[in-house]
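Notes for the one structure printed next.
Residue numbers start from 1 in every chain, and the chains themselves are labelled A, B, ... in the order their sequence lines are given, proteins ahead of strands. Atoms considered below: every heavy atom in the structure, side chains included; atoms not considered: hydrogens, waters and symmetry mates.
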Amino acid sequence: MARILITSAIPYINGIKHLGNLIGSQLPADLYARYLRGRGNEVMFLCATDEHGTPAELAAAKAGQPVAEYCARMYEVQSDIAQRFGLSFDHFGRSSSTQNHHLTQHFAGRLADAGLIREVTEKQVYSNADRRFLPDRYIEGTCPNCGYERARGDQCENCTKQLDPTDLIEPRSAISGSTDLEVRETKHLYLRQSAMSDQLDKWIDSKTDWPVLTTSIAKKWLHDGDGLQDRGITRDLDWGIPVRKGDEDWPGMEGKVFYVWFDAPIEYIACAAEWAEANGKSDADWQRWWRTDKGADDVRYVQFMGKDNVPFHTLSFPATILGSGEPWKMVDHLKSFNYLNYDGGQFSTSQGRGVFMDQALEILPADYWRWWLLSHAPESSDSEFTWENFQQSVNKDLADVLGNFVSRITKFCRSKFGEEVPEGGAYGEQEEALIADLTTRVRAYERHMEAMEVRKSAQELRAIWVAGNEYLQSAAPWATFKTDPEKAAAQVRLGLNLIRLYAVLSAPFIPFASARMLEAMGVSDTTWPEDVAASLSMLAPGHSFAVPEVLFAKITDEQREDWETRFAGTRD
RNA sequence: GGGCCUGUAGCUCAACGGUUAGAGCAGAGCGCUCAUAACGCUUUGGUUGGGGGUUCAAAUCCCUCCAGGCCUACCA
């Protein structure tokens, strides 16, 4: 069986993520991981919290907590929600881990040795009141172009003109509002990405099966204007990974930390090391996933992310890895997603607009969200969440098509044969036709899942559910029973077996409901139906089962209206 | 300003340059009565954003215009 390494873009520590973040990387990555495990592959699925940077420091200050405590607390919150959404990470790590500290410093040291780091002294705005350097967008002022009073130091939101912080009229700190700003000199390390441009370009060119969205963004950065620019990888912050050259001090860089975008992707690797430590494994156990000289040469590595993360994954991180000169595993396939919009606008963490992961679980079980989000995943373009669409899709697909199927067959069996798989009769022509149809569909489902075609996979799965209802309608065991109880028994037996089949096939999408279906049918065998016919004879006559409670309750109009109102404004 | 993406039925989306542009939902009709007023069958909806061009053939390729979105390197 194959070995697949899967990483999801790591969510920022600053607050609870919304549904747009979830469908942008973690959820499709989980779908893929669950599917591959279901097929018997060896999977390492990693994710973590991204904890460094200015927003984390500010959020901690706002919460009145030291930043380390704040991050530790938010890590627990995010970890708990991820678990309740069924995100099946093999490890959910932290970019602030000691493992990541060591690896990040290690990579910086290797890059420096390879001559790929240069020191740059530059001028940056310092706020005396805030006692920190301010990133461009944390400086506000009046736009010299249009007169808008809340223009940011990088761009004016009103007239879209690109700005430099020093262009602003009456600049002030966006954090405190203080106008006590000064320009100070500060020294930083730059990664010489320009020196690796050709190497990266060739590497991108070799990835012919990547989506246009992915390669076009990378190509743009490589070839636009002066080509790939060197990038600052350090910051003047308190919270972060101290700048060190491997195990040694870095003269002149005391008190500085690595830029969050330098250390965050390295956490993908460090996370595996955290996994090893948490599970009592050795270094060799995680290195066989990440070092091609230590067993990772047969690993297929797939990354999932939102489109805004593409440049970092196609250029910066590969530059870091390649530049180290060490045989680290490079990404093989990169699946990026567009954005999910909320009711005509964007989901927004900063504005509290939309539905957040914790709120979602307060009103409905995870499977409802998983199904809707995955079956509407923003693959080819941005997509939109509306409550009406959500209600209709979920009610029809989950309650009517799948849930009702389980209900009708189990209840019919109970009333005519009792709560065990009925004996007698044999599968005939009609059953063979169903098996042939399902075989075709299951193979198509597998192809779509392999290709990470999320929406198409969902469509095919739904068609597989529908096939069960079609069969019952034409076989009509309730009519057959009156004239030929033996034949009806065989029909019901097939129907009950379909429930187990559906549970196995559906588990990547709706793991919780899938588990309930298996529990009701009294089986724990989740073997993938390589042979559909054999799979549909697994539950033998006499096997007892229980009629499950309503698998998916429908969303009522009252609920929908209530939620529409409740989530119309902004959070908090 | 530059780059990229998107525009197909009321809604969400399909469609290697190749029969008459297809599915699901919603709407209409019929059937069934095991089931969560569920299921099945049939069916009404499209000048593929506008205009021009290439081609035996265009939703698909080219040009142009319109509308929306994303990115543009110090937010992450």
Between [N] and [M], how far apart are the two [atom1] atoms, rounded to whole Å?
{"N": "A21(B)", "M": "U47(B)", "atom1": "C1'", "result": "13 Å"}
{"N": "U8(B)", "M": "U60(B)", "atom1": "C1'", "result": "12 Å"}
{"N": "A58(B)", "M": "A15(B)", "atom1": "C1'", "result": "13 Å"}

CD of Glu379(A) to NZ of Lys335(A): how many Å apart, nearest 0.5 Å?
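These two atoms lie 4.0 Å from each other.
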
Of Phe509(A), Phe552(A), Trp372(A), which is the lone residue that meets side chain to side chain contact (heavy atoms under 4.5 Å, CB included) with Leu398(A)?
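Answer after filtering Phe509(A), Phe552(A), Trp372(A): Phe552(A).
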
Within a reach of under 6.0 Å around CD of Glu429(A), are more than 12 heavy atoms found that belong to other residues, nucleotides or ligands?
no

Checking one value: the base orientation of G45(B), syn if chi is within 90 degrees of 0, otherwise anti.
syn

Dot-bracket encoding of pairs in RNA chain B, which uses [ ] for pseudoknotted crossings and | for another strand, Watson-Crick or G-U under 3.5 angstrom:
(((((((..((((....[...)))).(((((.......))))).....(((((..]....))))))))))))....

Please determine whether a side-chain nitrogen or oxygen atom of Tyr471(A) lies at a distance below 4.0 Å from atom OP1 or OP2 of G40(B).
no

Hey, is the side chain of Tyr126(A) poking within less than 4.0 Å of OP1 or OP2 on C74(B), counting only N and O atoms?
no

Between the base of C74(B) and the side chain of Glu122(A), is there a donor-acceptor distance below 3.5 Å?
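Between C74(B) and Glu122(A), which were checked side chain against base, a qualifying N/O pair under 3.5 Å is present.
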
Should the side chain of Gln124(A) and the base of C74(B) be counted as holding a donor-acceptor pair, with the cut-off at 3.5 Å?
yes

Taking only distance into account, with no hydrogens and no angle test, what donor-acceptor pairs under 3.5 Å do side-chain atoms of residues 403-411 of chain A form with protein atoms, sequence neighbours excluded?
from	atom 1	to	atom 2	distance (Å)
Arg408(A)	NH1	Asn469(A)	OD1	2.8
Arg408(A)	NH2	Gln473(A)	OE1	3.4
Thr410(A)	OG1	Val406(A)	O	2.7
Thr410(A)	OG1	Ser407(A)	O	3.2

Which residues pass the side chain to side chain contact (heavy atoms under 4.5 Å, CB included) test with [X], sequence neighbours left out?
{"X": "Arg441(A)", "result": "Asp437(A), Glu460(A), Ala463(A), Ile464(A)"}
{"X": "Phe481(A)", "result": "Phe412(A), Lys416(A), Phe417(A), Pro485(A), Ala488(A)"}
{"X": "Glu122(A)", "result": "Val120(A), Gln124(A), Thr186(A), His188(A), Tyr190(A)"}

For Trp261(A) and for Asp382(A), find the nucleotide of RNA chain B with the closest heavy atom, then tell me which residue's nucleotide is more 5'.
Asp382(A)

Reading nucleotides 22-35 of chain B from the 5' end, what letters show protein touch, with B for base, S for backbone sugar-phosphate only, - for no heavy atom under 4.0 Å?
--SS-----BSSBB

Candidates Tyr445(A), Trp371(A), Tyr471(A) - the one meeting ring pair (Phe, Tyr, Trp, His ring centres under 6.0 Å) with Trp465(A):
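The option that passes is Trp371(A).
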
